[in-house]
Structure formats: C-alpha cells, structure tokens
Amino acid sequence: MRASLRFTATLLTIFVLSLSIGALSAAPVSVGESGLRPKVGLVLSGGGARGFAHIGALKALEELCIPFDVITATSMGAMVGGAYAAGYSADDIRKITLDVDWTKMFAPRPDRKKLNWQAKEDDRRGLGLFEVGVDENGLRFPSEVIPSHELGIFLGRATQPFNTINDLNQLAIPFAAMATNLVTGERVVLNRRVTLAQAMRASMSIPGAFAPVPWQGLLLVDGGLVDNMPVGEARNMGADVVVAVNVGTPLSGREELTSVGAIMGQVVNLLTEQNVKTSIDSLTDRDIYIKPRLDGYSSSDFNKAAEIMKVGYEAVMQMKRRLQVFAVPPETYQRWLSARAERVLLNPEHVVESVEVVGLKTVNPERVRGSIGIRPGQIVTNEEVAEAARDVWGTGDFQGVPFRFEPGPRGTEVVVFEPTEKDWGYSSLKFGGNLQSDLDGENTFNVLLAHSWGWLNSWGGEWRNEIQGGEVKRAASEWYQPLGPSSNWFLRPSVSYEWSPFNLYADYEEPIARFRNEQFDTHLMLGYEIGKLGRVWGQAGWFHSRTKQEIGLFDVKITTKAKYLGVGVQFDTLDNPSFPRAGFGLKASVMQTIEPNVDGAEEQSEMLYALDVMKPVPLGERSTLLLAATLGKASQTSAFNLGGVFRLSGTPYGRFTGNRLELARVLFYHDASRVMREMKMPLYLGFSLEAGRAWNKLPGTQLWGGEDDWKRAASLYAASDTWFGPVYLVFGRTFGYSDAVTLYWGRLF
C-alpha cells in the first residue's frame, strides 16, 4: 500500500513538473503558481532614439535565457516593449528598426510623387509647407509639427496580427503602456480597451511634435511626462521583481541652454527626471536597474540606431551575473520563444471583401474612394494598402490616413480607412517668397501670402486668393471646381493683376530710366488632371496690359488689350523641387490673341508661348546634373528678364529684359552632407553653366535696344535645403560683363 502511495505521489510530482514546464513554454511561471521562480517584470523607459538601446538589451536578455512575465513601458520603450510583448524577437525588432527610413517616417509631407498638381505648383512658386488655419476666432495652428501618417502606417503594419486584441493582457506577455491625459495631467495606463497600435502611438505622442491621440474620450500625449519608467505599474501587474532599463535623456548643463529648442527640451526633461527619480527610489535590492552609457547620443539620433543598440547590449551583459538568477534552461527558453513567435506570423496577402471610408465630416468619402484604387475581390498586400493610404494623404486633405483590416465573410477582409481631417480646418494660409542680395547694396525680395478655402461644396470646390509684395507685386483670385466628387475634370475661373518694374540702360552699368509693366488678366480654364503626373487645359480670356515710365526723360506709354484662346500642359514628377535627382518637369502653354488693340490701333493677331523644362540626370550615388531650358514670347514690352542667380549669374537682377526670352542652363550639384554632418541638413556643392538672351521685338520698342546676342555665364555655389527653404551662396560671372557674390533664399525653378 505504501509503495503504491509512493508511486502515485511520484506520478503526481512528475505531472505537476510537466505542467510547470509546459506552462513556461508559453509564459513564465510566478512564485505563487509553482514556486520555481519569481514573477519578473521588464520596465523600459522612454528616450526617443536613445530607446534603441532597449533592442540591444533584449538581445542580451535572450542570450541569457531570461523570460518575462509582464512588460510595462513608455514612449520609445512602449514601441520596443510592445513589439516584444506581442511576440517579436529582439532580432525581429532590430531588423524592422534598421529597415525604417527615418527621414521618410518624420517627413513633413508625402513623397513628392504622391502630391497633386496644385501642391507641386505651390512648390515651384515658393510657398512653404506650413499651414495656419483661419476661422471666425482667428488663427488656428496645427496640433503637430511632424505628421504622424507614416508612423501610423508603420505601427498598423507591425501590429496587424493583433489588431483585433483590445486587452493587452492577451498578448504573449501581458503589456501596459503609459500615457498622459493632456487635460488633467494624470497618468493613463493603456492596457485594456485599447489596441497595441493605439497604445504605442499614444505613449510616444510627444507634445508639439505629434498630435495628441483621442482615446475613450481622453486626449493623450507622451507618458514620459508623468511616468517615464513605470516600475509601479509592473508591480501592479503582479511582478515580484523588476528589471528596469533607463535610457532617458539627462538634464543639460547651463552652457547648453542657449536656444528656445534647448530650453523647451530641458523643461520636458525636468518633468521626466522627477518621475524617473521616484521610480528609481522605489526599486529594492532584488530589482535590477540598468542605465546604458549613452553619453554623446541624443533623443534625435535615429540614424545611429545600430550604435545605440550595441550600447544597450553591453549594458545588460555587464549585469550578467545578477541577471542569471532569473534564467531558465535553454531548452525551456527556446520553447517559450517559439510559442511567442507563432503569434506574429503576418498575413502577407488579403482578399478584399469591401473598402470602407469612415469618420469624415467635411471631405466627401467618394473623393477618398477615388484615390484609393482598391476594388472588392482584389488580392492586396500590406504594402499595397499602405501605398493607397499614401495616395489619399497626398491629396492634401488630411493629416494622416490610418487603415486597418477587419474580418469579412468566407476568409475575406474589409479594408477600413479612417482619414484624419485637418484639425486646423480647410480655410488656411501659406507663406512664401524669395530674397536675393549681392552683399553690396543690390537687394530684391518678394513676400507671398496665399489663402485657400477648401471643400466649399460636396464636389471639393476651393477658393484661392494670393497677394505678393516686393519687387513684383501681384494679386489673384480663382475658383477651382472639380466636375464631380471623384472627377479628374475641373473648371477654374480666375482674375489677376501684376505690377513689375524694369530699367532702361544706355550702357551696362547705369540705368537711364525706370518703367513698370502692369497687366490685368481674367480667364476661364477647363482642365483634366492626369493622376499625380500633371494636367492639360484649354482656356479663354481677356487681358489689358500697360507699360508706363516711372523715372526718366522719356514720355513712353504702351497699352494693349486683347481677347485670347490658349492650351497648355504641365507635367511634374520631380522628386525634389530644388535639388531633384529623378523625374521630369515640363510646363508649356500657347496662346493666340484675338483682335488685339495697341494704343487704340488694331494689330494683327499673334501667337504667344511659354516653355519651362528640366531633367535631372544622376551621376553616381550623390551627384546630379540638371538640364533646364526656358523659352517665352509675350505681348508686353520687357515682360521677361535675365540677371541674378542661375539666370546669367554675376549680372544684377533684371539687367536684361525683353518680350522674348531664351535661356539654357546646366547645373551640377554634389550632396556633401556626409562631410558636413554637424549641419544636420542637406549640403550641396556645385557649379552652373548658363547661356541666354532677352530682347524686345515689338513695334515701337526701338528705344529698348536690340540686344539679342547670347550672353554666357558660369558660377560656383554652395547650397542647403533647409526646413525654411533652399539657401544658396553663389559666386557668378557673366563673361564680358560682371561678376558678383550673391546670397539667395527661395525656389529657383
């Protein structure tokens, strides 16, 4: 009987042990359940790019065979910890991170090839990217500096296998992310009634950089403001001991607080360091605190991910002896890893049952569906749906275009797009302009203010107004009306007035008279948008132009009135408006005047034209040759001018004028950013070769001379594509005339 009892007890012991090992293969076992080991919590702090150290730390912890029972994290720690809790391995997270194009992730707008023709035209005319809303209460500024669209796509794609899980305790490792209630300042624990993507996105919503995240009636921002290293929450989730990794940015010294950005960053770090100190003080002798040596790395060093990961790995390995107490046998650990990995198998393809567009209040959903291009029954990949979302973002109507997959019948899925409408509204201002100085008293500038008021009807009607002051004065108003909610056809009536000066020279150096051109124009355009490539159009209109003397001995006045018909085409696939390496740019128009009247006399009708074309040719990885040409014929005396940067460099702005223009340019530029890394913005070095002529060939313009000979010029320059627009420093010479050093800010092409 005793032998039988001993045998039964032995079987029960083996059975219990086998259950314990089996349970450990899916999730670690706590003290209260088996007595084998304490319940271990992993705590990962926020720290921006410094948070890449968490990936190296996880790699070292895997090598030490240490499983975790719960994970709590904040900001970048939530990105890494959430992925690990879901089932990704450290190597998976490392590969995903190193494959990310961080420049694209934090880009202020979509790739230029995704933009519509109006946005590309704004580029060429020097309007900035930043918009300010206007309503009855005054100006409304955007809630974010960095659009979160690409971040949303990244998180949605990475967490796609778990997008139906709304309780993060159901992940492979129970997980919680910290956020801050922007209204009350209270800590918010994101663990239940939230998806993994939502938790990650809210936890890293740095105030001012990313827009706050609405959730359950709250408005959430980065959790680092209240709990950057959530040790207490790990204990609330049942952790007996804690392994805490702190990658937070230390406070700056007084000598470093020399700018608004540095001071604002210090204020945030002060809040963060205070709550981190509280978390550190709560650690016991059983807990393990790891602080990687990240001196010299900032929270914005996203391009140094591999280096930062290595620092995190080394920091954990330095604590190897203390950490090994939490290790399990390698075989058991591998079963645990395998069980987690099975949960992150991505579905590479989706059979589309239907496409839904939800959450819109202003923009017509039909316009969005027309941009998506995905049809029921189509088989799509995650990246194809992401590209469709980018196409919608490129329309300029939304801050971001998140999407998700929901189950459909018979193994199909519903693709749900939930575009985020602009929180500053659809009545907005943009600013632009240019400045040119020879650093010796010759200066010209233009300031441009543009107002657009979109979605004034269900087909997307938009009213645009512009006013420009400076060397050239201009005012314009137009209405853009698509002929259907998703139609490529549009009507565009417009009216404009332009005032531009020019000088008359007896010789090269000194002007002997100053004149101005004025032109009033009104027309109606019927056009067709060719996808993202460009547009074609026809138009009918009427103009009234006048050339009048302002200073000088001559009494000259020329007035022209005419009706006209015209056609035009515009293509723009350039990847960058200032320093392109790929694509093609073309804008051409032809106009036939009808019954023109010049100073009361009937003149013969004439054909007028304008052509701008450019083509970049890559030369190796970082060098480019840009070929450009401009031609024009106008009805107005001295309507075109040459002089200034890349328009006969070395010659004063506007020195040569005429109603005819021919200009050819070859520019070479080399991206020297690797050499000048400390500038933290693109730097180009290059040269240009230019040839052109501008001359008048109109009846009664003999006074303006007939300088129709070709002028040749060349330049050496340095340039930077800054966040406020391109800046050039140019040394140019027009052969046989003059040379100059010129500083230029603004678009040139």
Side-chain angles (χ1 to χ4, degrees), residues 436 438 442 444 471-472 500-515 517 547 584-591 606-617 624-669 686-717 728 730-742 744 747-749:
Q436 186 166 229
D438 67 358
E442 288 290 334
T444 62
E471 184 74 11
V472 177
S500 58
F502 67 94
N503 293 332
L504 176 64
Y505 291 80
D507 55 29
Y508 179 78
E509 295 293 337
E510 297 296 331
I512 60 173
R514 185 171 180 83
F515 297 82
N517 279 327
T547 300
F584 178 73
L586 169 69
K587 187 174 183 180
S589 61
V590 178
M591 186 173 74
E606 63 175 337
M607 183 173 291
L608 312 175
Y609 58 83
L611 170 69
D612 276 292
V613 61
M614 66 179 67
K615 173 62 181 175
V617 180
T624 307
L625 199 66
L626 180 65
L627 310 176
T630 303
L631 303 174
K633 177 185 176 184
S635 64
Q636 192 172 31
T637 299
S638 296
F640 304 112
N641 69 70
L642 286 177
V645 173
F646 304 148
R647 296 178 64 86
L648 300 184
S649 300
T651 298
Y653 171 84
R655 169 58 185 85
F656 303 106
T657 63
N659 78 305
R660 302 287 184 93
L661 174 70
E662 296 175 359
L663 175 65
R665 293 170 284 183
V666 177
L667 274 75
F668 171 86
Y669 41 91
F687 66 84
S688 72
L689 301 174
E690 310 148 34
R693 57 179 182 166
W695 76 104
N696 284 298
K697 194 175 181 181
L698 285 170
T701 60
Q702 292 81 4
L703 178 67
W704 280 266
E707 290 188 70
D708 60 353
D709 57 309
W710 284 85
K711 287 83 176 173
R712 293 166 179 80
S715 76
L716 298 172
Y717 66 93
Y728 302 80
V730 183
F731 171 75
R733 169 176 283 275
T734 299
F735 300 106
Y737 291 91
S738 66
D739 54 51
V741 175
T742 305
Y744 188 93
R747 300 282 187 222
L748 281 167
F749 299 101

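Nothing here was measured: the structure is a model prediction, and the numbers come from that model.
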[X]: partners by salt bridge (Lys or Arg N to Asp or Glu O under 4.0 Å), with sequence neighbours left out:
X	result
Arg693	Glu662
Arg665	none
Glu442	none

Atom of [X], atom of [Y] and distance for their closest heavy-atom approach:
X	Y	value
Val730	Ser715	CG1-CB, 3.6 Å
Leu661	Trp695	N-CZ3, 4.4 Å
Ala639	Ala634	CB-CB, 3.6 Å

Problem set entry | Residues in ring-ring contact (aromatic ring centres under 6.0 Å, His included) contact with Phe640, at least two apart in sequence or another chain |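 Partners of Phe640 under the ring-ring contact (aromatic ring centres under 6.0 Å, His included) test: none.
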
Exercise. By ring-ring contact (aromatic ring centres under 6.0 Å, His included), which residues pair with Phe687, not counting sequence neighbours?
Worked result: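 Residues passing ring-ring contact (aromatic ring centres under 6.0 Å, His included) with Phe687: Phe668.
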
Rounded distance (nearest 0.5 Å) linking atom [atom1] of [X] with atom [atom2] of [Y]:
X	Y	atom1	atom2	answer
Phe656	Asn696	CZ	CG	13.5 Å
Lys697	Asn659	NZ	CG	9.5 Å
Leu663	Trp710	CG	CH2	8.0 Å

Measuring only between side-chain heavy atoms, which start at C-beta, is [X] closer than 4.5 Å to [Y]?
X	Y	value
Thr547	Phe502	yes
Ser500	Ser638	no
Leu667	Tyr717	yes
Tyr653	Arg655	no

Exercise. Going by atom types alone, do Asp739 and Thr734 pair a side-chain donor with an acceptor below 3.5 Å?
Worked result: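 Side-chain D/A pair, Asp739 to Thr734: absent.
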
Exercise. Can Ser649 and Glu690 be counted as having a side-chain donor-acceptor contact under 3.5 angstrom?
Worked result: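 Side chains of Ser649 and Glu690: pair found under 3.5 Å.
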
Exercise. Can you check whether Tyr728 and Tyr669 have ring centres sitting under 6.0 Å from each other?
Worked result: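 Tyr728 vs Tyr669: aromatic centres not under 6.0 Å.
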
Residues in side-chain hydrogen bond (donor to acceptor under 3.5 Å, both in side chains) with [X], at least two apart?
X	answer
Arg712	none
Arg660	none
Thr742	none
Gln436	none

Run the side-chain donor-acceptor check on residues 607-617: report pairs under 3.5 Å with partners two or more places apart or on a different chain.
from   : atom 1 : to     : atom 2 : distance (Å)
Asp612 : OD1    : Thr630 : OG1    : 2.8
Lys615 : NZ     : Gly583 : O      : 3.1

For this session: Please collect all salt bridge (Lys or Arg N to Asp or Glu O under 4.0 Å) contacts where either partner lies in residues 639-653, sequence neighbours excluded, each pair once.
Result: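 Sorted result for residues 639-653: empty, none.
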
